[in-house]
Visitor: 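Just passing along the structure, written as structure tokens.
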Amino acid sequence: MEQYTITAFENDGTVGLNDSFTAASDDEAKAKGLAMLEEAGHLHKGARIARRGQLIYFERCKLPGKLKGTAS
């Protein structure tokens with residue numbers, strides 16, 4: 001079993017969920033992590049699931065005031 005970390009962000013950039021869990025594989029971890037995000041109400045917000053620094057799942061945060069295609 002591997003240790004995974006899940007972090008979810010609110011649209012203003014604050015951390016909404018920061019937890020860890022174990023899973024037997026990356027696929028199981030992604031499924032478990034997405035279920036945790038849905039349960040916490042953070043599905044389709046900025047989030048990441050990682051194992052030993054390697055991203056397993058990533059979804060960008062939609063920060064207010066940022067325009068698509070700009071560096072600001």
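All figures in this text were calculated on a predicted structure; none of them were measured in a lab.
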Visitor: Just wondering, are more than 12 heavy atoms of other shown residues or ligands nearer than 6.0 Å to CD in Glu38?
Guide: no
Visitor: Within a 6.0 Å radius of atom NZ on Lys32, are there more than 12 heavy atoms belonging to other residues, nucleotides or ligands?
Guide: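 Check passes, neighbour count above 12.
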Visitor: Using modelled atom types and a 3.5 Å cut-off, is there a donor and acceptor pairing between side-chain atoms of Lys45 and backbone atoms of Leu37?
Guide: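 Side chain of Lys45 to backbone of Leu37, a donor-acceptor pair under 3.5 Å: no, none is there.
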Visitor: Which pair of heavy atoms, one from Gly16 and one from Glu10, lies closest together, and at what distance?
Guide: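 What the structure gives for the nearest pair is CA-OE2, 4.1 Å.
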Visitor: Of all the heavy-atom pairs spanning Ala29 and Ile49, show the shortest one and how long it is.
Guide: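 Here Ala29 and Ile49 meet closest at O-CD1, 4.2 Å.
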Visitor: Picking from Asp19, Ile56, Leu34, what satisfies side-chain contact (heavy atoms from CB on, under 4.5 Å) with Ile6?
Guide: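 Result for side-chain contact (heavy atoms from CB on, under 4.5 Å) with Ile6: Asp19.
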Visitor: Is the shortest heavy-atom distance from the side chain of Thr22 to the side chain of Tyr4 under 4.5 Å?
Guide: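 Sidechains of Tyr4 and Thr22: no contact.
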Visitor: With clusters defined by side-chain heavy atoms of hydrophobic residues (ILVMFWY) lying less than 4.5 Å apart, directly or transitively, does Tyr57 cluster with Phe21?
Guide: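 Result: yes, single cluster for both.
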Visitor: For the atom pair CD (Glu2) and CD (Glu28), what is the distance rounded to the nearest 0.5 Å?
Guide: 11.5 Å
Visitor: Would you say Arg51 has more than 12 foreign heavy atoms packed within less than 6.0 Å of its CZ?
Guide: yes
Visitor: Considering all heavy atoms of both residues, which atom of Phe58 and which atom of Arg60 are nearest to each other, and what is their separation?
Guide: CE2-CG, 3.6 Å
